[in-house]
Each structure stands twice: as structure tokens, then as C-alpha cells.
Colleague: 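Input: one structure, supplied below.
Every heavy atom of this structure was used, including side-chain atoms; hydrogens, water molecules and symmetry mates were not. Each chain gets a letter, A, B and so on, in the order the sequences are listed, and its residues count up from 1. As the structure is a prediction and not an experimental result, all values here were calculated from the model.
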Protein chains: 2
Amino acid sequence: MQISSRFTIAVHMIICIEAFKDTHKVTSEFIASSVNVNPVVIRRLLQQLKKAGIVEVKRGSGGADIARPLDEITLLDVYNAVESVDNGVLFHFHENPNQLCPVGRNIHAIMDSRLQEIQTAMEEKMRAMTLSEIMEDANRLLEL
Amino acid sequence: MQISSRFTIAVHMIICIEAFKDTHKVTSEFIASSVNVNPVVIRRLLQQLKKAGIVEVKRGSGGADIARPLDEITLLDVYNAVESVDNGVLFHFHENPNQLCPVGRNIHAIMDSRLQEIQTAMEEKMRAMTLSEIMEDANRLLEL
DNA sequence: TATGGATGTATCAAAGAAGATTACAACGAT
DNA sequence: ATCGTTGTAATCTTCTTTGATACATCCATA
């Protein structure tokens, strides 16, 4: 099973907001056209990014902006903002292992810390990547 | 979005097969009772684990066994055996970014290597965990 | 060699998640 | 007051996972 496209869309959105901030009013419609999804999908994600303090969205006049310095936004921040469900637990566990079986009774004790370690390895890698690095690469490619 | 329970079920299955190998005929029915899912789910996973060379399954007489030494089976092997879809790519990308937009045109060039790095971090952590370590912990808890 | 317990696998149903789409109230700059 | 935009609800479609039933195939053994 894959991690949903909300994460990659959110990063795409942030790059758009930053890249076009001086030349366009970056509305949900504008971003939706770049990502190629429905504007409502963008607005929903904008709300999640806003709740996480990553972007600001202007009602009425319209348009989105980045809310804090890009080097203080990590990929993990973005991931948690838009992808965090199930209490942030990455691995779905089968719900009702048989408590009458020694294995069923102990499977969580055996596995939970290891699963957490794996998830943490992934999260630490994400935490090490900031949006400012990403925008540096983006700017090289975009030739705006 | 979470990684499906197939992975944790598969690990549970392997622990069962190993833990009960001397005292029970470990059939799909038997495992299903410990995991608490439908036996067909177990059989489907057994087939995937078998294709990966992790278990052997006896037709006719019934029962499953581990196919190679536990210290040569890593959590990554199990994960890839049962969870690998979409060419093993963890992050789902939005399908059709707008090629007329500089950001849409370059989003893969900007993101792909970073996403791969994150996925690799997770996979390396899984590769470092063997089923023999897990069985050591399990045996301590199971008191069989 | 017939039998009975298992596996291998197809098929369909049920449930949940993601994303698309429509609709519209609320907002705020002008 | 208007107009473009946001915020959000509601509905629909599609996809994936898991559950469940059914049954042909297999193989040890009685």
C-alpha cells in the first residue's frame, strides 16, 4: 500500500506558492491547474497546511503565502500536516489477535518497538530535508 | 494512509510457524485462529511468502514450514514479499502534473531522489532486523 | 485405491479511503 | 453592493483491502 498523493501534492503546492509569489496571485484554482487536480482538493490541503502553521490563506481577496521561513519547514512537517491519520502510526496492525494463543497475546510486545523504530528512521530522514533546500533545487530547474 | 496489515500478519504467521513447529501441524486454519482472520487470507499470504522463498507449504497433508534459516530472513524480505505493489514505490505521486507549468514539469526532477532516499532509510532499517532476533524476543515472552 | 483433511485459487460481497465534482454560504478588497 | 475567492458540506466513483463461500486439486494413509 502506498502513502497517498496528498504528501507530494502538498510539496508541489508549497513550491508553487513560493515560486510564483511575486508574479501571480496564487489561488487554489491556480495551484490546481499546476498540480492537475480539482481545486477543492487544493483547498482542503491548504486548510491542513494552514492548521500546521505552514501557509497563510487569504479569504475574500484570495491567494496563499508561506507562513514561516522555508528553512524552518521540513518534509516531516508537511507529511504530518496532510498525511497524519491513525495517530500517526504507519503500520496497520491486525485488530484482534487471539489472546488465547501465546503468539497472539504477545505479538504487540514483540513487534511494536521495532515498527516504531522503522517509522522513526523514515521520519528522521524527512526531518532532515527542509523546504529551503528543495526550493534551491527547484529554482535551478525552473529558470524563472 | 497506512501500510496494510498484511505485513504485520505475515510476521505473526512466521512466528507461529516457528513457535509451534514441534507441537502442532501449522495449517492455515491454525494460523488464522491465532491471527484472528479468515483462513483464506492466511493462504494467500502463505503463497506470497512461498514465492519469496520464505516458507514451504505442504499440499495434501497440510502445514507450513520456514524455508531458510531465520537469520537469513529480514523484515524487508517479508515486507517485499507481501506488501510490494506499485513497483515497490512507497510514495504515490499525483498522476498528471501540468507540463505547461514550470513546477509541474519539474516536480519529479525535484522530488524523486528525495522520496527514494526516505524510502531507502526505511528499507535499510527493515533489512537490519532479522527474524532470528525477533524469535529470540518471542521465545522469551512465549514461555512455551 | 478410496478417503479425508488441506491447499490453491476463483469469485463475489462488504467496507473504507481517496479523489472528483457540484454547490453554496461567508468573506473582504474595491 | 459586487465579484472573485475561500471554507466546507454532500454526493459519487473508483480502488484497495479484507471477508466469505465454493470447489477442484493434492497427498498421506488407512
Colleague: Is the phosphate of C:dG5 approached by B:Lys25 (side-chain N or O, under 4.0 Å from OP1 or OP2)?
Modeller: no

Colleague: To the nearest Å, how far apart are B:Glu29 CD and D:dG19 C1'?
Modeller: 14 Å

Colleague: Measuring to OP1 and OP2 of C:dG8, would you say a side-chain N or O of B:Lys50 lies under 4.0 angstrom away?
Modeller: yes

Colleague: Parallel, tilted or perpendicular: which fits the ring planes of B:Phe20 and B:Phe30, with parallel below 30° and perpendicular above 60°?
Modeller: perpendicular

Colleague: Taking only residues at least two apart or on different chains, which pairs with a member in residues 27-56 of chain B satisfy salt bridge (Lys or Arg N to Asp or Glu O under 4.0 Å)?
Modeller: none

Colleague: Only pairs at least two apart or in different chains count here, so list each salt bridge (Lys or Arg N to Asp or Glu O under 4.0 Å) that has a residue in residues 99-114 of chain A.
Modeller: A:Arg114-B:Asp137

Colleague: Under a 3.5 Å distance rule, please check whether A:Asn98 uses its side chain to pair with a backbone N or O of A:Gly104 as donor and acceptor.
Modeller: no

Colleague: Do B:Val78 and B:Leu131 have side chains that get closer than 4.5 Å, going by heavy atoms?
Modeller: yes

Colleague: Tell me the interatomic distance from A:Gln48, atom CD, to D:dG7, atom C1', rounded to whole angstroms.
Modeller: 13 Å

Colleague: What residues in residues 9-17 of chain A put a non-hydrogen atom under 4.0 Å from any atom of DNA chain D?
Modeller: none

Colleague: Which pairs with one or both residues in residues 46-68 of chain B pass ring pair (Phe, Tyr, Trp, His ring centres under 6.0 Å), sequence neighbours excluded?
Modeller: none

Colleague: Quick one: which residue pairs count as a salt bridge (Lys or Arg N to Asp or Glu O under 4.0 Å) with a foot in residues 118-129 of chain B, not counting sequence neighbours?
Modeller: A:Glu117-B:Lys125, B:Glu124-B:Arg127

Colleague: Would one find a side-chain N or O of B:Arg6 under 4.0 angstrom from OP1 or OP2 of D:dT18?
Modeller: yes

Colleague: Using whole Å, report how far CD of B:Gln2 lies from P of D:dT16.
Modeller: 18 Å

Colleague: Under 3.5 Å, which N/O atoms of the protein pair with N/O atoms of nucleotides 22-28 of chain C?
Modeller:
{"unit_1": "C:dA26", "atom_1": "N3", "unit_2": "A:Arg59", "atom_2": "NH2", "d": "3.1"}
{"unit_1": "C:dC27", "atom_1": "O2", "unit_2": "A:Gly60", "atom_2": "N", "d": "3.4"}

Colleague: Could you tell me how far apart B:Leu45 (CG) and D:dT17 (C1') are, to the nearest whole angstrom?
Modeller: 11 Å

Colleague: So what is the end-to-end bend of the helix from C:dT1-D:dA30 to C:dT30-D:dA1, with 5 pairs used at each end and the value given to 10 degrees?
Modeller: 10°

Colleague: Sequence neighbours left out, what passes ring-ring contact (aromatic ring centres under 6.0 Å, His included) with B:His94? Give chain and number order.
Modeller: A:His12

Colleague: Take the protein atom NE2 of A:His92 and the nucleotide atom P of C:dA15, then report the distance between them rounded to whole Å.
Modeller: 15 Å

Colleague: State which residues pass side chain to side chain donor-acceptor pair (under 3.5 Å) with B:Asp65; sequence neighbours excluded, sorted by chain then number.
Modeller: B:Lys58

Colleague: Side chain to side chain donor-acceptor pair (under 3.5 Å) with B:Ser61: which residues, sequence neighbours excluded?
Modeller: none

Colleague: Is any side-chain N or O of A:Ser5 closer than 4.0 Å to OP1 or OP2 of C:dG19?
Modeller: yes

Colleague: What's the CG-P distance between B:Asn96 and C:dG19, to the nearest Å?
Modeller: 14 Å

Colleague: Give a yes/no answer on whether the side chain of A:Gln47 brings an N or O atom under 4.0 Å of OP1 or OP2 in D:dT6.
Modeller: no

Colleague: Calculate the interatomic distance between B:Phe7 atom CZ and D:dT17 atom P; express it in whole Å.
Modeller: 15 Å

Colleague: Using salt bridge (charged side-chain N to carboxylate O under 4.0 Å, His left out) as the criterion, list what pairs up with A:Arg68, not counting sequence neighbours.
Modeller: A:Asp77

Colleague: Identify, with sequence neighbours excluded, every residue that meets side chain to side chain donor-acceptor pair (under 3.5 Å) alongside B:Glu133.
Modeller: none

Colleague: Kindly say if B:Thr27 contacts the phosphate of C:dG5, meaning a side-chain N or O under 4.0 Å from OP1 or OP2.
Modeller: no

Colleague: Given atom CZ of A:Arg44 and atom C1' of C:dG19, what is their separation to the nearest angstrom?
Modeller: 7 Å

